[in-house]
Amino acid sequence: MEQIPENLKHYLENIVKDTLKSTFNVETEVVFEETSKPEYGDYSSNFLFRLKKGLSEPIQTVGDIITLEVMKKLQHIADEVSTQTGFLNIKLSNKTLHNVLRRINNNPEEYGKVDTGHGEYINLEFVSANPTGPLNVVSARAASVGDSLKRIMNFAGYRVESEFYSNNAGRQVENLVASVKWWINKIKGIEEPFPLEGYRGEYLKDIAEKIIEKKIPEDKLAEFVTDTILNDQLETLREFDVEYDHVTKETFIRESKYPGLVLRILKEEKFLFFEDGATFFRATDFGDTEPRVIIRRDGTGTYFFYDLAYHLYKLQRGYDRLINILGPDHHGYIKRMEAGLTALGYPKKIKIMIVQQVSLLKNGEKIKMSKRRGEFYTLKELLREVGKDAARFFFLMRTKDAHLDFDIDLARKIGKENPVYYVQYMHARSHSLLKHGEENSLYPKDSNLRLLQLPEERLIMRKLMFFPDTVERAALRMEPHEIVRYLLQLADIFHNYYQKNRIVNKEKPELSGARLYLVLAVKNVVKRALSLIGVDAPVKM
RNA sequence: GCGCCCGUAGCUCAAUUGGAUAGAGCGACGGACUACGAAUCCGUAGGCUGGGGGUUCGAGUCCCUCCGGGCGCGCCA
């Protein structure tokens with residue numbers, strides 16, 4: 001039944017590449033992409049421009065010959081091959097598009113899977129908030145991007161495991177514990193001045209009450225407080241449909257062999273020096289702007305030191321690559337970490353992505369947030385106000401490099417102005433169309449797909465065909481945002497089609513069967529695409 | 001001062017990473033349900049892509065420079 005190649009895009013690329021080699025003895029990369037406009041065909045490549053310099057013949061001659069050769073080889077799947085203003089355009093036959101529909105509906109779970117990753121084993125760390133308070137909205141954005149990326153990359157042939165790192169040690173934890181103690185004393189009626197670097201925030205009062213109730217001993221306070229907050233963070237993330245494969249605590253790292261291992265390797269390689277009683281790492285040997293302290297004058301390790309140990313630990317677990325998603329305040333840290341891992345013998349094993357800031361808008365005004373005063377908008381509050389789906393979708397509407405204005409009022413609105421409903425409505429509408437068909441004894445059928453003659457129908461089939469390419473792009477660029485854009489475009493043409501044409505029509509059972517088959521394919525792809533970004537596909541809204 | 005991100009329609013943002021005539025939504029104006037969900041659709045108006053220079057077949061995209069906005073630059077984490 002399957003008459004089309006496993007991966008259309010790569011198939012076309014290989015055909016043209018081979019033809020160039022056999023006809024002109026030229027080797028070059030050929031990339032096909034969706035044409036900017038449907039009038040140009042379906043797939044287009046600009047390799048002729050790139051080739052221009054290395055060719056003796058005029059570009060048009062080469063184009064003409066390639067066009068003929070490629071057409072010959074693609075007769076079974078394409079209608080037209082042409083060169084226009086330097087682009088090689090290919091228009092696939094309707095039969096090919098029909099087979100795409102069959103592929104989708106025969107195996108909805110598999111459609112869109114690609115093997116971009118070739119099984120590369122990846123550790124993806126994101127959020128990793130300090131256990132000093134509830135998760136804020138920047139963490140929410142990182143969670144949305146990170147978790148979607150994991151889903152997408154796993155669908156694209158990678159083996160991705162997600163990880164949360166909790167810095168439950170160090171000075172900030174001392175400050176945190178001091179703040180909790182202040183609350184404990186206050187509850188017991190002992191008034192003292194609030195710790196200088198303490199954490200404000202009512203959530204610490206609840207923890208203090210629990211400590212009194214459970215009679216937690218003094219030496220277990222730090223552990224109890226950080227674990228309580230960590231568990232609360234993970235619980236909130238679960239409500240956000242974010243599950244982690246691994247959770248690692250800094251206390252675990254500190255007690256492990258890895259800090260010692262880091263010191264030993266750096267010492268043996270002579271990447272350390274001593275000054276003012278402190279131990280420095282020669283980060284400048286690896287592109288950083290200055291040497292970095294790893295052991296302070298007082299003999300304690302820096303945050304960077306234990307972070308190096310943590311990353312060494314991750315690498316020794318066998319990953320091919322580490323990916324970290326960090327907030328915008330960490331970009332100064334990238335060079336340092338890359339330098340450190342290179343020195344430890346793992347060059348180019350880490351990719352650090354920065355997710356930009358989030359501003360929350362309410363009533364058209366930015367909400368002011370101050371961590372110090374304990375005033376910030378939490379992920380929990382966001383979930384309560386706009387819901388999981390709108391929150392996740394909104395965080396993916398911009399590329400991760402851009403600042404994001406999150407308009408809470410808009411996210412709560414219902415209608416096209418709120419894109420998440422626009423997309424989910426496409427799924428609900430497909431579902432009710434299929435149901436409506438059943439009530440009239442009309443079912444999706446692939447026997448008369450040639451009746452799908454309308455330009456809008458071709459547009460939809462074409463878009464469905466591009467889904468695997470979209471998954472590949474999103475994975476390679478590490479931009480979940482690509483999936484969101486795809487859904488919005490598909491929704492546009494689908495709603496347009498629906499509005500103009502009747503799908504279920506008892507007078508025309510054959511046409512109805514074909515159209516319902518198309519609708520079923522749309523529903524299947526939308527459901528899958530939404531699952532890749534962790535958004536529900538409702539059948540009723 | 002140094003480093004990173006951003007500047008595109010009145011507003012919020014896209015633009016297949018250097019490609020074809022720069023596109024959507026909101027807002028404004030005008031239309032479409034006695035047929036499958038109007039949470040939808042169709043149309044009109046709106047642009048010197050912050051300014052200037054460069055690179056080339058081709059620049060919103062790359063380089064230089066200036067202007068404007070955000071963030072970061074601890075033996076904090």
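Lettering of chains follows the sequences in order, A, B, ..., and the numbering in each one begins at 1.
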Counting Watson-Crick and G-U wobble pairs only, both distances under 3.5 Å, name the nucleotide matched with [N], or none.
{"N": "B:A28", "result": "B:U44"}
{"N": "B:C36", "result": "none"}
{"N": "B:C71", "result": "B:G3"}
{"N": "B:A59", "result": "none"}
{"N": "B:G23", "result": "B:C13"}

Is any N or O donor-acceptor pair between the side chain of [X] and the base of [N] shorter than 3.5 Å?
{"X": "A:Thr35", "N": "B:A20", "result": "no"}
{"X": "A:His331", "N": "B:G3", "result": "yes"}
{"X": "A:Asn501", "N": "B:A35", "result": "no"}
{"X": "A:Glu34", "N": "B:U16", "result": "no"}

At under 4.0 Å between heavy atoms, what does [X] touch on the DNA or RNA strands: base, sugar-phosphate, or nothing?
{"X": "A:Ala169", "value": "sugar-phosphate"}
{"X": "A:Asn89", "value": "base"}
{"X": "A:Thr399", "value": "sugar-phosphate"}
{"X": "A:Lys540", "value": "base"}
{"X": "A:Glu174", "value": "nothing"}
{"X": "A:His481", "value": "sugar-phosphate"}
{"X": "A:Val539", "value": "base"}
{"X": "A:Asp276", "value": "base"}
{"X": "A:Arg502", "value": "base"}

Find the distance [X]:[atom1] to [N]:[atom2] and express it as a whole number of Å.
{"X": "A:Arg473", "N": "B:A14", "atom1": "CZ", "atom2": "C1'", "value": "12 Å"}
{"X": "A:Leu490", "N": "B:A14", "atom1": "CG", "atom2": "P", "value": "21 Å"}
{"X": "A:Tyr333", "N": "B:C73", "atom1": "OH", "atom2": "C1'", "value": "14 Å"}
{"X": "A:Arg254", "N": "B:A77", "atom1": "CZ", "atom2": "P", "value": "8 Å"}
{"X": "A:Met426", "N": "B:A38", "atom1": "CE", "atom2": "P", "value": "16 Å"}
{"X": "A:Ile334", "N": "B:C5", "atom1": "CD1", "atom2": "P", "value": "9 Å"}
{"X": "A:Tyr303", "N": "B:C75", "atom1": "OH", "atom2": "P", "value": "15 Å"}
{"X": "A:Lys37", "N": "B:U16", "atom1": "NZ", "atom2": "P", "value": "14 Å"}

Base orientation of B:C66, syn vs anti, 90° cut from 0: anti

Gap in Å between the two [atom1] atoms, one belonging to [N] and one to [M], rounded:
{"N": "B:G51", "M": "B:G60", "atom1": "C1'", "answer": "15 Å"}
{"N": "B:G47", "M": "B:U8", "atom1": "P", "answer": "15 Å"}
{"N": "B:U12", "M": "B:G18", "atom1": "C1'", "answer": "27 Å"}
{"N": "B:A32", "M": "B:G50", "atom1": "P", "answer": "40 Å"}
{"N": "B:C2", "M": "B:G10", "atom1": "C1'", "answer": "37 Å"}
{"N": "B:G54", "M": "B:U21", "atom1": "C1'", "answer": "26 Å"}
{"N": "B:G69", "M": "B:C63", "atom1": "P", "answer": "23 Å"}
{"N": "B:A45", "M": "B:G30", "atom1": "P", "answer": "15 Å"}

Side-chain N or O of [X] closer than 4.0 Å to phosphate OP1/OP2 of [N]:
{"X": "A:Arg485", "N": "B:G23", "answer": "no"}
{"X": "A:His495", "N": "B:C36", "answer": "no"}
{"X": "A:Asn496", "N": "B:C42", "answer": "yes"}
{"X": "A:Tyr498", "N": "B:A38", "answer": "yes"}
{"X": "A:Tyr422", "N": "B:C41", "answer": "yes"}
{"X": "A:Arg171", "N": "B:C76", "answer": "yes"}
{"X": "A:Arg296", "N": "B:C76", "answer": "yes"}

task: Report the residue (A:Gln172 or A:Ala491) whose heavy-atom-nearest nucleotide on RNA chain B is the more 5′ of the two.
output: A:Ala491

task: For A:Phe280 and for A:Glu33, locate the closest nucleotide of RNA chain B by heavy-atom distance; then report the residue assigned to the nucleotide nearer the 5' terminus.
output: A:Glu33

message: Under a plain distance cut-off of 3.5 Å, with no hydrogens placed, do A:Asn168 and A:Thr251 share a side-chain donor-acceptor pair?
response: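 Yes, because at least one side-chain N or O of A:Thr251 sits under 3.5 Å from a partner of the opposite role on A:Asn168.
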
- prompt: Side chains of A:His427 and A:Lys523: donor-acceptor distance under 3.5 Å anywhere?
  reply: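 Side chains of A:His427 and A:Lys523: no pair found under 3.5 Å.
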
- request: Apply side chain to side chain contact (heavy atoms under 4.5 Å, CB included) to the pair A:Leu230 and A:Lys249, showing each step before the final yes or no.
  value: CA-CA 10 Å; A:Leu230 171 61; A:Lys249 298 179 195 172; 4.0 Å; yes

Side-chain ion pair, A:Glu29 and A:Arg50, N-O less than 4.0 Å: no

message: Is the distance from the ring center of A:Tyr165 to that of A:Tyr310 below 6.0 Å?
response: yes

task: Determine, using ring centers only, whether A:Phe271 and A:Phe286 are less than 6.0 Å apart.
output: yes

field: Within 45° cone of A:Phe494 ring axis and under 6.0 Å: A:Arg429 NZ or CZ
entry: no

query: According to the 5.5 Å centroid and 30° plane-angle thresholds, does A:Phe49 stack upon the nucleobase of B:G19?
result: yes

- prompt: Which of these passes ring pair (Phe, Tyr, Trp, His ring centres under 6.0 Å) with A:Phe280: A:Phe274, A:Phe304, A:Phe273, A:Phe305?
  reply: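 Filter result, single survivor: A:Phe273.
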
- prompt: Take atom NZ in A:Lys527; do more than 12 heavy atoms of anything else shown fall under 6.0 Å from it?
  reply: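 No, the 6.0 Å shell around NZ holds no more than 12 heavy atoms from other groups.
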
- request: Taking only the side-chain heavy atoms of A:Ala278 (C-beta and beyond), determine which of B:U16, B:A77, B:C75 contains the nearest atom.
  value: B:C75

